[in-house]
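The structure appears below as structure tokens.
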Amino acid sequence: MKIAALISGGVDSAVAVHRLVEQGHDIHLFYIRIGLDTDEGDCSAEEDIEMCTYIARMYGLPFDVVSLHQEYWENVMEYALRTVRAGLTPNPDVMCNKMIKFGYFERRWGHEFDLTATGHYASTKTDADGTVWLATAVDPVKDQTDFLAQISYDQLRHLTFPLGDLPKSEVRRIAVDTHLPNAFRKDSQGICFLGKINYNDFIRRHLGERPGPIIEIETGRKLGEHRGYWFHTIGQRKGLGLSGGPWFVVKKNVHDNAIYVSRGYDTEKQYGNTLHLAEMHFITRDPCADGCKNMEISFKNRHTPDFATGRISRLDGDNEGEYLVSSDSRIQGIAPGQFAVIYDKNSKICYGSGIITGRSIVL
């Protein structure tokens, strides 16, 4: 089978390539290059490309570096800046997968192959009738289906995830045993393709700074100052510069450039039990296509190894086409703009995701 393998220079994609080679596929390696927003080259990309070149030579595979610089900044980062400016919390990694890795890459290069492979920790499941579903990985801590929850069905059908059945420890072991040059390289923690760019530095460069008050929501007392509401997100605890905490961001007033906080791990102000979702996207099929009320699901409202359980209902009337998730437990840090990712009740199948609006809706 002819497979286009996206390789990053990290250990995960390298082991994914190793497994594909073991399975006897005809593989072509690709590295997607994205420069910095200053129109300069990304120094970390040079290291990554050098590593990818070594792996290509190690296995005797063709390797190409392809550029999607303009597409990335015009789509993913413009989305991120637009969302942050509106006081919401974006997820650039989700949009990067949808629009760049499995969007522009597929249209220009990936479509020439039978499948495209990545080092994501995810799986696919095919029903008896040939219907494909996005499935969670064996390793719950590393599972990345939440970052894939906006891809289309056509994109999913063209993907394969060689690491979906492996725990991270086994991936590292394979890398060591096969003498991969990046066996001990640290996992990337940054935004998709941003390399070593600090997220706050990126936001500061594009939106600047605008000092404003940090206010205790219960008393209205000013506790300190921040440098712009766009640096903060609902549920945030670190980086506030306040003593006597813990303090959590529980609300933002974009018009007044004010951040509201509440003190204590158990403050009710940082919790909620419902999530109103707009722009709902289902990858394979809408489980609520015929209408549903209180269908059992599991879900995530941020990247975490833990699934919450609850029920989803499709709304009608003035809110037709939107959805309400009712959680069985209190949810911390419900951030408008973020994606809530919906799974089956057993946390095995990822149905898709919708944007959290922050609106309070009662059925």
Side-chain angles (χ1 to χ4, degrees), residues 1-36 41-69 72 93 96-97 100-102 104-106 108-124 137-139 142-144 147-148 158-197:
M1 187 172 288
K2 287 180 59 180
I3 296 179
L6 294 180
I7 187 168
S8 66
V11 65
D12 293 331
S13 61
V15 172
V17 168
H18 172 78
R19 299 199 87 193
L20 292 171
V21 169
E22 279 195 324
Q23 293 164 10
H25 297 295
D26 179 6
I27 307 161
H28 193 126
L29 304 185
F30 289 91
Y31 177 92
I32 301 176
R33 182 162 195 160
I34 304 294
L36 303 188
D42 184 350
C43 60
S44 68
E46 299 302 331
E47 300 171 14
D48 293 338
I49 291 170
E50 184 178 345
M51 189 70 70
C52 295
T53 302
Y54 184 97
I55 291 167
R57 290 173 179 167
M58 179 177 174
Y59 289 103
L61 301 174
F63 170 53
D64 284 310
V65 177
V66 297
S67 175
L68 288 172
H69 173 90
Y72 179 70
D93 288 307
C96 177
N97 285 325
I100 304 300
K101 286 184 179 177
F102 311 132
Y104 284 104
F105 174 81
E106 284 294 299
R108 294 182 186 173
W109 298 283
H111 71 277
E112 298 177 357
F113 296 82
D114 297 316
L115 291 171
T116 295
T118 76
H120 282 98
Y121 285 84
S123 299
T124 57
V138 165
D139 190 330
K142 297 300 294 182
D143 180 75
Q144 294 173 303
F147 292 136
L148 299 167
H158 201 250
L159 292 175
T160 182
F161 305 109
L163 305 186
D165 62 341
L166 295 179
K168 179 71 178 195
S169 58
E170 180 67 7
V171 170
R172 287 285 184 190
R173 186 198 65 76
I174 291 173
V176 171
D177 289 351
T178 54
H179 307 291
L180 290 175
N182 51 10
F184 298 103
R185 201 178 193 197
K186 290 183 178 179
D187 292 345
S188 172
Q189 300 296 324
I191 293 175
C192 177
F193 294 127
L194 276 190
K196 292 185 172 69
I197 303 174

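The model shown is predicted, which means the values in this text are computed figures rather than measured ones.
- Side chain of Arg185 to backbone of Gly9: a donor-acceptor contact under 3.5 angstrom is found.
- Pairing each heavy atom of Arg172 with each of Ala183, the nearest pair is NH1-O, 2.6 Å.
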Could you list the donor-acceptor pairs under 3.5 angstrom formed by side chains in residues 54-62, with sequence neighbours left out?
| from | atom 1 | to | atom 2 | distance (Å) |
| --- | --- | --- | --- | --- |
| Tyr59 | OH | His18 | ND1 | 2.8 |

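- More than 12 heavy atoms of other shown residues, nucleotides or ligands fall within 6.0 angstrom of atom CD in Gln23.
- Interatomic distance, Lys101 NZ to His120 NE2, rounded to the nearest 0.5 Å: 4.0 Å.
- The two residues Ser123 and Gly164 come nearest to each other via the heavy atoms OG-CA, 3.4 Å.
- Between the CZ atom in Phe102 and the SG atom in Cys96 there is a gap of 9.0 Å [rounded to 0.5 Å].
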In sequence, state the C-alpha distance, the side-chain angles, and the governing distance for Tyr121 and Val171, and then conclude on side chain to side chain contact (heavy atoms under 4.5 Å, CB included).
-> CA-CA 11 Å; Tyr121 285 84; Val171 170; 3.4 Å; yes

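- In this structure, the side chain of Asn97 engages the main chain of Phe147 through a donor-acceptor pair within 3.5 Å.
- The line from NE2 of His28 to CD of Glu112 is 9.5 Å long, rounded to the nearest 0.5 Å.
- In this structure, OG on Ser8 lies 8.0 Å from CG on Asn182, to the nearest 0.5 angstrom.
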Take Leu68 and Arg108 through the side chain to side chain contact (heavy atoms under 4.5 Å, CB included) test and state the conclusion after the steps.
-> CA-CA 10 Å; Leu68 288 172; Arg108 294 182 186 173; 3.4 Å; yes

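- Ile3 is not listed as a side-chain neighbour of Asp114, based on a closest heavy-atom distance of 4.5 Å or more.
- Taking Arg173 as the reference, Glu170, Asp177 meet the salt bridge (charged side-chain N to carboxylate O under 4.0 Å, His left out) condition, with sequence neighbours excluded.
- Interatomic distance, Leu6 CG to Leu29 CG, rounded to the nearest 0.5 Å: 9.5 Å.
- Here Leu115 contributes atom CG and Phe161 contributes atom CZ; the two are 10.5 Å apart, rounded to the nearest 0.5 Å.
- Contact check for Arg19 versus Asp165: side-chain heavy atoms found under the 4.5 Å cut-off.
- Nearest approach of Thr118 to Pro162, heavy atoms of both residues: O-CD, 3.3 Å.
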Could you walk me through whether Val15 and Leu163 pass the side chain to side chain contact (heavy atoms under 4.5 Å, CB included) test, one step at a time?
-> CA-CA 8 Å; Val15 172; Leu163 305 186; 3.9 Å; yes

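- Side-chain contact check for Phe105 versus Thr116: some heavy-atom pair is nearer than 4.5 Å.
- Side chains of Arg33 and Ile49 form a contact here, defined as non-hydrogen atoms less than 4.5 Å apart.
- Proximity of Ile32 to Trp109: side-chain heavy atoms (C-beta onward) are nowhere separated by under 4.5 Å.
- Between Lys168 and Asp12 a salt bridge is recorded (basic side-chain N to carboxylate O distance below 4.0 Å).
- By the 4.5 Å heavy-atom criterion applied to side chains, Val66 and Tyr104 are not counted as neighbours.
- In this structure, the side chains of Ile174 and Leu166 come closer than 4.5 Å at one or more pairs of heavy atoms.
- Inter-residue side-chain proximity for Phe113 and Asp26 is flagged as unmet; no heavy-atom pair is nearer than 4.5 Å.
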